[in-house]
Amino acid sequence: MKNRRKTDLVRVRFAPSPTGYLHLGNARTALFNYIFARHEGGKLVLRIEDTDKERSKKEYEDMLIDDLKWLGIEWDEGPDVGGEYGPYRQSERTHIYNEYLEKLKQSGHVYKCYCTPEELEEERKKALAEGRPPRYSGKCRNLTEEERKELEEEGKSYVWRFRVPDGETIVFEDLIKGVVEINVNEFGDFVIVRSDGSPVYNFVVVVDDALMKISHVIRGEDHLSNTPKQILIYRALGFPEPKFAHLPIILGEDRSKLSKRHGAVSVRAFRDEGYVSEAMFNGLALLGWHPKRDSEVILKDEIIKEFDIRDIHNAPAVFDRAKLKWLNGVYIREILDLDDLTNRAIPFFKKFGYEADFDYYKKVMEAIRDSIEVLNDIKERAYPFFVDEYDFDEDAIAFIKENQNSLNVIKAFYEKVKETPALDKQTFKRLTKEIQKQLKVKGKQLFMPIRIALTGKTSGVDIATLVEIIGKDRVLKRLERAIDYLSKV
RNA sequence: GCCCCCGUCGUCUAGCCAGGCCUAGGACACCGGCCUUUCACGCCGGCGACACGGGUUCGAAUCCCGUCGGGGGCACCA
């Protein structure tokens, strides 16, 4: 890191609203903030934007924090860890907002507006019908003291609006989008404090970012058009402006902003399905960013090392479930250490009612890790290791019927196993070889009957591995049951 | 409607800023083959894109303009 003065320290923030589960889009925003902070040797602050009292819930905040931690995102300051610029929940900062509202009143940057929501709605409709941009007319902008007094005596409530300078063009350099120019006439005087006295997002976000010394505001592109409003407030309050970076948003398969209607899009849902956090981290980072060297699989530390915010692709990205799933499979079969993988898999085994001890789980994971992509696949793939009273599926029964020798193979195998002291892979190989000679069957004719007898299915894990893990006794029991059942079909 | 952002295989992207090294590279998906007692895994191969039009230039995916297309935003939500 170059020598940076303390005041130049990079400070970024992730500021979610606790109104639901952490979803993929927000998770990616958090991720890029985290990666950027770490790459620059700066700090990440977590701030809870709970000014919407209707929808904000503490449970959501807890889940947000839990999901963020799970993903591997760590913050230096936040409601749970504290920090010198707290409090980190907006609902606990109202006195601060009041203080800055006071400053804006003093400097004449804001004024009271007595228009009712109905009147505004009316105006909006009219503007739209006439093809004008639907913005506030400025009706209450220049009310005299007397007019105000009158309106207030009528018992009219008011909001505080920001006085937008007419015709000014705000220019800022976005780290991702480049130079962005927006004329303030696009939006007109906007509300800063509601009639119930609560401050609105565009106002609090500026106060908080400035007071928390945020150097780079990295957020979703849906905030791009809010930026000029915020810049106006920065200037009115005399705050230094941070640098902005607007991330292209994530789209669903239908090319609209990714949301609930695109199916499971919360981090929680992916967790529950058995995605591992490292794969999520990797996959999310790949949405809009790519390492210089040509590889899709890249660990957190390398991402942090290689990351450059200027390399973020500036077109929106369609979320590709299939690719994330594939990536998850790579982590399961190639990256994670077996003990670690097993520990993560245990809750899934239990969820499916597969009970055993760690060593057994570990053996099973070793046997199946190459054939699963998400931990939920354990249900199907590990079935033969846990269930002894399985059904025989259609294909299996069909095979037995079509291959008359099958039952003989199973019976022969049963006899051999019975006389064997223990059943490991080598023994299994030896026994099947003997049967091959005795009954003159080989290949599929030899192995499929045994597979069917032991699992009830025509496909699945390697049989030699299966018998070694479940052991002689269970093999014999399964064979007895299979012979009994298959003789009757 | 208005404003802003964006436009390379079906999808994620490399290349674009510093034009020739691009008959456009990789990955997922899909298709085919190999491996294998099965399904997977793995390996090999195939399919497949510079949105369109005009300029600038000896030369354009790369620079400029226009068109079209996609997305986002226009709240007393964040």
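The sequence lines fix the lettering, A, B, ..., with proteins before strands; numbering per chain opens at 1. What's counted below: heavy atoms across the whole structure, side chains too, no hydrogens, waters or symmetry copies.
- Between A:Thr51 and B:rA78 there is a side-chain N or O to OP1 or OP2 distance below 4.0 Å.
- Between B:rG71 and B:rC30, the two C1' atoms lie 27 Å apart (nearest whole Å).
- When the C1' atom is compared between B:rC47 and B:rG33, the two are found 15 Å apart, to the nearest whole Å.
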Report task. Give the C-alpha distance, both sets of side-chain angles, the deciding distance and a yes or no for side-chain hydrogen bond (donor to acceptor under 3.5 Å, both in side chains) between A:Tyr60 and A:Asp50. Result -> CA-CA 11 Å; A:Tyr60 286 131; A:Asp50 54 353; over 6 Å; no
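- Within the nucleic acid shown, A:Arg451 comes within 4.0 Å of at least one base atom, counting heavy atoms only.
- Relative ring orientation between A:Phe348 and A:Phe352 is described as tilted, the plane-to-plane angle lying within the 30° to 60° band.
- For B:rC65 and B:rG1, the C1' atoms lie 25 Å apart once the distance is rounded to whole Å.
- By the 30° and 60° cut-offs, the orientation of the rings of A:Phe244 relative to A:Phe172 is perpendicular.
- Among the nucleotides B:rC12, B:rG73, B:rA78, the one closest to any side-chain atom of A:Arg55 is B:rA78.
- You'll find a donor-acceptor pair under 3.5 Å spanning the side chain of A:Arg381 and the base of B:rC39, going by distance alone.
- Base pairing annotation: B:rU37 forms no Watson-Crick or G-U wobble pair, as no partner gives both donor-acceptor distances under 3.5 Å.
- Under 4.0 angstrom from either OP1 or OP2 of B:rC17 there lies no side-chain N or O belonging to A:Arg310.
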Do any N or O atoms of the protein come closer than 3.5 Å to N or O atoms of nucleotides 4-6 of chain B, and which pairs are they?
residue: B:rC5; atom: O2'; partner: A:Lys177; partner atom: NZ; Å: 2.8
residue: B:rC5; atom: O2'; partner: A:Glu221; partner atom: OE2; Å: 3.1

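- Ranked by how close their nearest RNA chain B nucleotide is to the 5' end, A:Pro117 and A:Arg28 are led by A:Arg28.
- Comparing the same atom, P, in B:rC9 and in B:rC52 gives a spacing of 10 Å after rounding to whole Å.
- In this structure, A:Trp160 places its CH2 atom 22 Å from P of B:rA75, rounding to the nearest Å.
- In summary, A:Glu415 and A:Lys411 do not engage in a salt bridge, as defined by a charged side-chain N under 4.0 Å from a carboxylate O.
- By the 6.0 Å and 45° rule, A:Arg141 does not stack over the aromatic ring of A:Tyr111.
- Stacking of A:Lys229 on the aromatic ring of A:Phe187 is recorded, both the 6.0 Å distance cut-off and the 45° axial limit being met.
- Here the nucleotide nearest the side chain of A:Val200, chosen from B:rA78, B:rG26, B:rG71, is B:rA78.
- Contacts of A:Lys457 with the nucleic acid, taken as non-hydrogen atoms under 4.0 Å apart, are absent.
- Between B:rG73, B:rU38, B:rA14, one nucleotide has an atom nearer to the side chain of A:His290 than all others, and that is B:rA14.
- Between the side chain of A:Ser371 and the base of B:rC39, no donor-acceptor pair of N or O atoms lies under 3.5 Å.
- Note on A:Glu49: only backbone sugar-phosphate atoms sit closer than 4.0 angstrom, heavy atoms only; bases stay farther off.
- A:Lys444 has no side-chain polar atom (N or O) that falls below the 4.0 Å cut-off from OP1 or OP2 of B:rU36.
- In this structure, A:Ile298 places its CD1 atom 14 Å from C1' of B:rG26, rounding to the nearest Å.
- The closest side-chain heavy-atom distance from A:Phe386 to A:Phe349 is below 4.5 Å.
- Spacing between atom CE of A:Met365 and atom C1' of B:rA40 amounts to 14 Å, rounded to whole angstrom units.
- In this structure, A:Asp395 atom CG and B:rU37 atom P are separated by 20 Å, rounded to whole Å.
- Taking atom P in both B:rG15 and B:rC58, one finds a spacing of 28 Å when rounded to whole Å.
- Salt-bridge formation is detected for the pair A:Lys105/A:Glu102: a Lys NZ or Arg NE/NH1/NH2 atom is positioned less than 4.0 Å from an Asp or Glu carboxylate oxygen.
- At a threshold of 4.0 angstrom between heavy atoms, the contacts of A:Gly288 are confined to the sugar-phosphate backbone, with no base atom among them.
- For the pair A:Lys156 and A:Tyr114, the cation-pi criterion (under 6.0 Å, within 45° of the ring axis) is not fulfilled.
- Each of A:Arg255 and A:Pro199 has a nearest nucleotide on RNA chain B; the 5'-most of these lies closest to A:Arg255.
- Across B:rU56 and B:rA49, the matching C1' atoms stand 25 Å from one another, rounded to whole Å.
- No hydrogens or angles were tested; on distance alone, a donor-acceptor pair under 3.5 Å links the side chain of A:Asn226 to the base of B:rA78.
- Checked against A:Arg89 for a side chain to side chain contact (heavy atoms under 4.5 Å, CB included), the options A:Glu49, A:Arg47, A:Glu61 give a single hit: A:Glu61.
- When each of B:rC28, B:rU38, B:rG72 is scored by its nearest atom to the side-chain atoms of A:Lys323, the top-ranked nucleotide is B:rC28.
- Among the protein residues, A:Phe187 comes within range of no part of the nucleic acid, since none of its heavy atoms lies under 4.0 Å from any strand.
- Rounded to the nearest Å, the gap between the P atom of B:rA29 and that of B:rG70 is 29 Å.
- In this entry the distance linking NE2 of A:His223 with P of B:rC74 reads 10 Å, nearest Å.
- Between the side chain of A:Asn26 and the main chain of A:Leu22, no donor-acceptor pair closer than 3.5 Å is present.
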Requested in this report: Report the C-alpha distance between A:Thr227 and A:Arg219 in whole Å, list the side-chain angles of each, state the deciding distance to 0.1 Å, and finish with yes or no for side-chain hydrogen bond (donor to acceptor under 3.5 Å, both in side chains).
Outcome: CA-CA 11 Å; A:Thr227 308; A:Arg219 59 197 352 176; 3.2 Å; yes
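- Salt bridge annotation for A:Lys457-A:Asp395: absent, with no cationic side-chain nitrogen under 4.0 angstrom from a carboxylate oxygen.
- With distances taken from any side-chain atom of A:Ala322 to the nucleotides B:rC12, B:rC28, B:rC76, the minimum falls on B:rC28.
- Taking the 5.5 Å centre cut-off and the 30° plane limit, the aromatic side chain of A:Phe447 is classed as stacked on B:rU37.
- Between the CG atom of A:Asp320 and the C1' atom of B:rC30 there is a distance of 12 Å, given to the nearest Å.
- Minimum atom distance to the side chain of A:Met448 is reached by B:rU38, of the listed B:rC76, B:rG72, B:rU38.
- Between A:Lys292 and B:rG15 there is a side-chain N or O to OP1 or OP2 distance below 4.0 Å.
- Under 4.0 angstrom from either OP1 or OP2 of B:rA29 there lies no side-chain N or O belonging to A:Arg321.
- Each of B:rC39, B:rG71, B:rG73 was ranked by its minimum atom distance to the side chain of A:Ser459; first place goes to B:rC39.
- If you measure from atom CG of A:Asp294 to atom C1' of B:rC28, you get 13 Å, rounded to the nearest angstrom.
- Remark: P of B:rU37 and CG of A:Leu431 are 17 Å apart, rounded to the nearest angstrom.
- Checking B:rC68 for Watson-Crick or G-U wobble geometry (two distances, each under 3.5 Å) identifies B:rG7 as its partner.
- Within a 6.0 Å sphere centred on NZ of A:Lys243, other residues, nucleotides and ligands contribute 12 heavy atoms or fewer.
- B:rC4 and B:rG10: their C1' atoms are spaced 28 Å apart (whole Å).
- RNA chain B is contacted by A:Ser17 of residues 12-21 of chain A, taking any non-hydrogen atom closer than 4.0 Å.
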